[in-house]
Amino acid sequence: MATTIKSLSLNYMKLFTNIKQLLVTGDYPNPLSGVAMKSMPFIENAFLLTDEGRIYDYGKMEDFHPVAVDEVVDLTGRVVLPTWCDSHTHLVYAANRENEFVDKINGISYEEIANRGGGILNSVKKLRAMSTSKLYEDARKRMEELIQLGTGAIEIKSGYGLSVHDERKMLEVIALLKKEFDLPIKATLLAAHAIPEEYTSDRNGYIDLIVEEMIPAFAKANLCDFIDVFCEKGYFTIAEMERILDAGAAYSLVPKVHLNQFNSFGGIASALQYNALSVDHLEELNEEDILELQKSDTIATALPGCSYFLNIPYTPVRKLIDAGIPVAIATDFNPGSAPSGNMNFTVAQACINLRMTPEEAIVAATINGAFAMGVADQVGSISRGKRANLIITKPINSYNAIPYNFGFHHIDYVLLNGIDV
Ligand code: NIG
Ligand code: FE
């Protein structure tokens with residue numbers, strides 16, 4: 001077919017031809033659920049046209065009508081899909097916790113490590129001692145690595161500061177990342193991640209600090225988009241979560257909550273009353289939790305990397321999908337329970353450990369992840385007007401190879417806003 005190359009123009013149009021499989025095509029008003037996840041829309045032998053960093057058109061090669069473009073790229077044998085949307089990370093942190101990793105191998109549990117002053121409080125100590133510029137520099141490098149691994153939208157939590165000064169420091173680092181990287185980044189206030197040492201005998205005092213100082217100050221300064229609580233035995237109770245979510249609601253902070261990681265004790269029903277955008281972890285779920293989720297629009301986010309690393313049960317995703325609940329998957333990238341931000345591995349785990357089909361896993365890691373962080377208008381599917389944030393694979397037999405070759409990734413290059421990064 002004759003394609004003319006345009007001469008100098010203000011717009012830059014790029015045409016990708018002969019794409020073996022173009023995945024997650026279409027625009028979606030809601031996250032996909034039930035059988036719709038399994039029937040992920042895709043086009044065999046496709047073309048894709050981008051203009052000024054956005055998706056301009058796409059379809060079957062045979063339906064392509066020649067237009068003037070600036071560049072033509074032949075993608076014979078390659079799969080193209082939207083970049084991963086990692087809707088749950090703790091990307092900003094001061095140091096690895098490799099010593100705890102070894103403790104865990106030697107049989108000490110996550111809870112025991114936390115009780116000895118390790119765990120989250122260990123990360124807090126290190127983060128408080130680190131300058132904003134060093135924290136930012138480290139986070140920036142991690143972000144660059146994740147982009148190479150195909151992540152094109154990300155949610156990042158605070159939660160290793162646990163004081164007004166240090167939670168602000170974390171949120172400011174996320175704000176700097178938002179400035180530096182032209183991709184959707186969302187900031188979540190997770191001041192309720194643990195009770196800091198100085199409040200051990202005054203936990204209400206710490207909740208007061210979150211409710212009366214942090215939420216109003218950070219919301220007014222536009223430093224956070226969402227509010228999160230680690231609602232778990234030994235961390236924050238349902239009543240404490242409710243107080244914090246109420247305070248967040250007064251500033252329009254939508255909840256995304258850590259729930260049911262180790263215990264199921266009614267937190268889900270409560271979070272749903274607050275219209276949580278997502279409830280995350282859910283390794284421990286009972287029938288009642290599933291019934292509650294079924295009645296809501298809330299997305300269930302599974303974090304298989306955390307189960308893998310901590311050797312704890314996996315989220316019963318099959319039950320969730322069969323109940324028609326939209327499921328997203330994310331890395332939970334953090335130094336304590338999931339020290340990997342590689343979404344390609346998360347997708348493989350979703351298939352191998354969560355028993356999701358490749359189609360369900362890819363939907364959960366793209367469009368449903370985008371919904372779980374409120375950016376589905378910009379990314380998550382191949383749709384006209386969305387950002388051209390795309391993964392271009394090396395030649396592969398089919399998209400099944402993406403989860404099949406666990407621990408590998410088949411990415412040749414990544415485009416953000418149409419630009420090869
Ligand atoms: O999502 N569960 C709570 N928070 C993190 C772990 C944080 C840490 O151990 O540093 C998580 O798994
Ligand atoms: Fe987490």
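As the structure is a computational prediction, the values presented were derived from the model and not from experiment. Atoms within a ligand are numbered from 1 in the order they appear, just like the ligands themselves.
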Find all atoms of ligand 1 within a distance of less than 4.0 Å from any non-hydrogen atom belonging to [X], and give their numbers and elements.
{"X": "Tyr160", "answer": "7 (C), 8 (C), 10 (O)"}
{"X": "Ile120", "answer": "7 (C), 8 (C), 9 (O), 10 (O)"}
{"X": "Gly336", "answer": "8 (C), 9 (O), 10 (O)"}

Closest to the Fe ion (ligand 2), which N/O/S atom of [X] is it?
{"X": "Asp332", "value": "OD1"}
{"X": "His90", "value": "NE2"}
{"X": "His88", "value": "NE2"}

Side chains of [X] and [Y]: closer than 4.5 Å at any heavy-atom pair?
{"X": "Met241", "Y": "Ser270", "answer": "yes"}
{"X": "Leu293", "Y": "Leu272", "answer": "yes"}
{"X": "Phe226", "Y": "Leu277", "answer": "yes"}
{"X": "Thr393", "Y": "Ile411", "answer": "no"}

Q) Got a sec: is Asp280 within less than 2.8 Å of the Fe ion (ligand 2) via an N/O/S atom? A)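 No - counting backbone and side chain alike, Asp280 has no N, O or S atom under 2.8 Å.
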Q: Using a cut-off of strictly less than 2.8 Å, determine whether Cys306 has an N/O/S atom near the Fe ion (ligand 2).
A: no
Q.
I need the nearest protein heavy-atom contact for atom 2 (N) of ligand 1: residue, atom name and distance, please.
A. Gln261 OE1, 2.7 Å
Q) What protein heavy atom is closest to atom 9 (O) of ligand 1, reported as residue, atom name and distance in Å? A)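 Checked against all protein heavy atoms, atom 9 (O) of ligand 1 sits closest to Tyr110 OH, 2.6 Å.
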Q) Of all the heavy atoms in His90, does at least one lie under 4.0 Å from an atom in ligand 1? A)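 Yes, that is the case, since the closest heavy atom of the residue is under 4.0 Å from the ligand.
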Q: Run the ring-centre check on Phe371 versus Tyr28 and record whether the distance is less than 6.0 Å.
A: no
Q) Taking the six-membered ring of Tyr56, is NZ or CZ of Arg384 closer than 6.0 Å to its centre and within 45° of its axis? A)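 Not flagged: Arg384 not positioned over aromatic ring of Tyr56.
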Q. Looking only at distance, does Ser123 have an N or O less than 3.5 Å from an N or O of ligand 1?
A.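 So ligand 1 has no N or O lying under 3.5 Å from an N or O of Ser123.
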Q: For ligand 1, indicate whether the residue His193 contacts it via side chain, backbone, both or neither (heavy-atom separation under 4.0 Å).
A: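 Contact part for His193 vs ligand 1: side chain (C-beta onward).
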(Q) Any side-chain to backbone donor/acceptor pair from Asn389 onto Gly152? Under 3.5 Å, distance only. (A) yes
Q: Using modelled atom types only, decide if a donor and an acceptor are shared between the side chain of Thr366 and the backbone of Ile362 within a distance under 3.5 Å.
A: yes
